[in-house]
2 protein chains.
Amino acid sequence: MFSIGEFSKITGLSVKTLRFYHEQNILVPTHIDEQSGYRYYNESKVETARVITQLRNLDFSLNDIAEILAQHEDDSDILDYLATQKESIQQKLKAYREISASLNQIITQETEARIAMNHSTFEVEEKQLETMLIAGVRMRGKYSECGKGFSQIGKKFGRHICGKPMLLHYDTQYKENDADFEACMPVRKGTSTDIISVRELLGGKCVALIHKGPYEDLGRSYEKIIAYVNEKEYEIEVPSREVYIKGPGMIFRGNPKNYLTEIQFMVKE
Amino acid sequence: MFSIGEFSKITGLSVKTLRFYHEQNILVPTHIDEQSGYRYYNESKVETARVITQLRNLDFSLNDIAEILAQHEDDSDILDYLATQKESIQQKLKAYREISASLNQIITQETEARIAMNHSTFEVEEKQLETMLIAGVRMRGKYSECGKGFSQIGKKFGRHICGKPMLLHYDTQYKENDADFEACMPVRKGTSTDIISVRELLGGKCVALIHKGPYEDLGRSYEKIIAYVNEKEYEIEVPSREVYIKGPGMIFRGNPKNYLTEIQFMVKE
DNA sequence: TTACAGGCTCCAGTAACGGGAGAGTCAACA
DNA sequence: TGTTGACTCTCCCGTTACTGGAGCCTGTAA
C-alpha cells in the first residue's frame with residue numbers, strides 16, 4: 001500500500017489531482033484510515049491510474065473517463081467513445097487550422113505592407129508585372145461596394161488567395177455612380193463560378209505609383225501618374241489597376257493616412 | 001444610442017457577454033443611466049465590438065484583447081501579438097494532431113483485431129505474405145523484455161508505423177532466458193539507427209495459426225503448427241514470426257483470454 | 001519530546017461566459 | 001393614470017480540471 005505521496009511519484013499525478021480524482025470517484029483509494037483520513041493505494045490502482053492518464057492524454061473529459069472506467073475493460077469495448085472523440089478532435093483541428101491560416105494571412109499582409117512602406121519612393125515608377133491567376137467579380141455601380149466582391153471571393157477561395165486585393169477599372173474616365181470595375185484577388189488555383197471569374201491576368205510593362213493616404217485623395221495621385229504617362233506619350237491599356245497594399249486591416253480599421261494603394265497603368269510596348 | 005438588447009443584436013454578442021465585457025473594462029458602454037443603471041452604446045462601440053470579435057475569433061484571451069485595445073489601433077502595431085498567438089496555435093495544432101494520430105491508431109488496431117477475430121477459423125492455414133519494410137530491435141534475453149524494443153521503435157517511428165507489432169524468433173528451439181529475438185514493426189519509411197534496423201522483410205509462402213488466449217499458452221499452438229509442418233514435410237526458415245493481432249491495448253490491458261497472436265513459419269517452396 | 005515532512009479539509013481562483021432569481025424600468029395601450 | 005409585458009439590473013452559482021494556500025492533524029526519526 002502506498003501513501004498518497006508515494007502513489008503520486010509512481011503515477012506522475014500530483015497529490016492534488018489524486019485527491020480530486022478521489023472526490024470525483026474516478027480513482028478511489030484502496031483504503032482510507034478512519035482515524036487520520038489518510039488515503040492508501042494498492043498495486044492495482046497503479047494500473048487504473050495509467051488508464052486514466054492514457055485517456056486524459058487522448059483529451060477525454062473526466063466525465064467520459066468515469067463512464068468508461070465504470071463499464072469497460074477492453075480497448076475494443078470503447079471504440080464508440082474513441083470514434084466520438086476523434087470527431088471532436090477533428091473539429092478542433094479544423095478550427096485551429098483556420099485560425100492559423102487567418103493569422104498567417106494577416107501577418108504576411110502587414111509585413112509586406114511594412115516593406116512597401118519602407119522601400120517605396122512614392123514616385124512614379126516603371127516596372128514589369130508578372131502574369132498571375134486571379135479570381136474576380138465584375139461589378140457595376142459605386143466603388144464603395146467593392147467590399148462585397150472581395151468578401152465573396154474570400155469566402156470561396158479563402159485558402160488559395162496568394163496576393164493583395166486589387167480593383168480593375170474598365171472605365172477610361174472616372175465615374176462616380178455607374179462605374180464598371182472588378183474586385184479581384186490573386187489565387188493559386190480555382191475554377192470559375194457564375195459570379196466569380198478565375199483566369200490569368202496578363203503581365204507586362206506598367207507605370208505605377210504608390211499612393212499614401214485615404215482613398216478620397218487618390219485623385220491627386222491619378223493626376224500625377226497620368227501627367228507622367230502623357231509626358232512619356234505612353235499608350236494605356238484598360239483595365240487599370242489599384243492594388244490595396246495596406247487598407248483597413250482585418251482587425252483594426254487603422255488610420256486612412258497610412259493606407260497604401262498602388263495605381264498601375266499597363267502600357268503598350 | 002442603443003440599449004444593450006439592441007446592441008446585442010447588432011454585434012451578435014449576447015447580453016451576458018456584453019455585461020461581462022463591461023465588467024472587464026473591455027467594452028464599456030458609452031453612457032450609463034445613473035438612475036436605472038441601464039447601459040447605452042453608441043455607433044462607435046460597434047466598431048470596437050467588431051475588433052473584439054475578430055480577436056476572439058483568432059483565439060486571443062480577453063486579457064490580451066484588453067491590452068491590445070488599450071495600446072494599439074492598427075494591425076501592423078500588433079504583429080508581435082499575432083506572432084505569439086500563431087506560436088501558441090501551432091502548439092495546440094501539434095498536440096491535437098498527435099492525439100488524432102493516436103486515436104486513429106487505436107481505432108484501426110482494434111477494428112482489425114475484431115475482423116481477425118470474426119473471420120479466423122483458428123486452424124492452421126497456408127498463405128502468402130507480402131514483403132514489407134520493418135523497423136526492428138534485435139535483443140537477447142527474456143521475451144518479456146520485448147516491450148522495451150517496441151517502445152523504442154514507437155518513439156522513433158511513431159508516425160510511420162503501418163502494421164502490427166511482431167516478434168522475430170531467431171532460435172530454432174524455445175529458450176527461456178537467453179533467447180535471440182527481434183521486436184519489430186512494419187513502417188512506411190525510415191532509416192536505420194545504431195539500435196534500430198530498418199530493412200525489408202521478405203515475403204513468401206508461410207504456414208500460420210492464430211492463437212487465442214494468454215501468451216503462456218502459446219506453446220500449445222506451437223505444437224499444433226509444428227505438427228502440421230512435420231506432417232507436410234515443409235522446410236522451415238528462421239526467423240519465425242509472432243504477430244500481435246490483439247494484445248494488451250493502448251488503454252486497457254484487456255483480458256488475456258481475448259489476446260490474438262498469429263504464429264507464422266516461413267516455408268521453402 | 002520535538003522537529004519536520006507529509007497528510008487532511010476547506011476555501012478561493014482560473015477563463016469566459018450561461019442560467020436563473022428577484023427586483024427595478026421602459027413603452028405602449030386601455 | 002394604471003397596467004401589462006418586455007427589457008434590464010445586480011448577484012450568485014455552475015462549468016472544467018485542476019492549483020495554491022491556510023490552518024490543522026499525523027507519522028516518524030533523532
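Quick note on labels: first sequence line is chain A, next is B, and so on, each numbered from 1.
- A tilted orientation is assigned to the rings of A:Y259 and A:Y215, their planes being inclined by 30° to 60°.
- Proximity note for A:S14 (side chain, C-beta onward) versus D:dT19, C:dC8, C:dA16: the nearest is D:dT19.
- Taking the six-membered ring for Trp, B:Y38 and B:H31 have ring centres at least 6.0 Å apart.
- Contact between the side-chain N/O atoms of B:T17 and the OP1/OP2 oxygens of C:dA16 is not found at any separation under 4.0 Å.
- A straight line from NE2 of A:H31 to P of C:dC8 spans 12 Å, rounded to a whole angstrom.
- In the set C:dA15, D:dT26, D:dT8, the nucleotide with an atom closest to the side chain of B:S3 is D:dT8.
- B:K246 and A:D74 are joined by a salt bridge, as a carboxylate oxygen and a charged side-chain nitrogen come within less than 4.0 angstrom of each other.
- A straight line from CZ of A:F20 to P of C:dC11 spans 16 Å, rounded to a whole angstrom.
- The shortest side-chain heavy-atom distance between B:K92 and A:Y96 falls under the 4.5 Å cut-off.
- Phosphate proximity of C:dA16 to B:Y21: absent, as no side-chain N or O sits under 4.0 Å from OP1 or OP2.
- B:T11 is not listed as a side-chain neighbour of B:T53, based on a closest heavy-atom distance of 4.5 Å or more.
- Under the 30°/60° scheme for interplanar angles, the aromatic rings of B:Y143 and B:F181 are found to be tilted.
- For B:R39 and D:dT10, the shortest distance from a side-chain N or O to OP1 or OP2 is below 4.0 Å.
- No N or O donor and acceptor, one from the side chain of B:Y38 and one from the base of C:dC26, sit under 3.5 Å apart.
- OP1 or OP2 of C:dC8 sits under 4.0 Å from a side-chain N or O of A:R19.
- Backbone-only engagement by A:R56 is indicated by non-hydrogen atom pairs under 4.0 Å involving sugar-phosphate atoms exclusively.
- Between A:K9 and A:E6 there is no salt bridge, since none of the side-chain N atoms of the basic residue sits less than 4.0 Å from a carboxylate O of the acidic one.
- Each end of the helix from C:dT1-D:dA30 to C:dA30-D:dT1 gets its own axis, taken as the rotation carrying the C1' atoms of four end pairs onto the next four within a five-pair window, and the two axes meet at 40° to the nearest 10 degrees.
- D:dT10 atom P lies 13 Å from atom CG of B:L18, rounded to whole Å.
- Counting non-hydrogen atoms under 4.0 angstrom, B:Y40 reaches nothing in the nucleic acid.
- Residue whose closest nucleotide on DNA chain D sits further toward the 5' end, between B:K16 and B:K9: B:K9.
- With D:dC18, C:dG7, C:dC17 as the choices, the nucleotide that has an atom nearest any side-chain atom of A:L62 turns out to be D:dC18.
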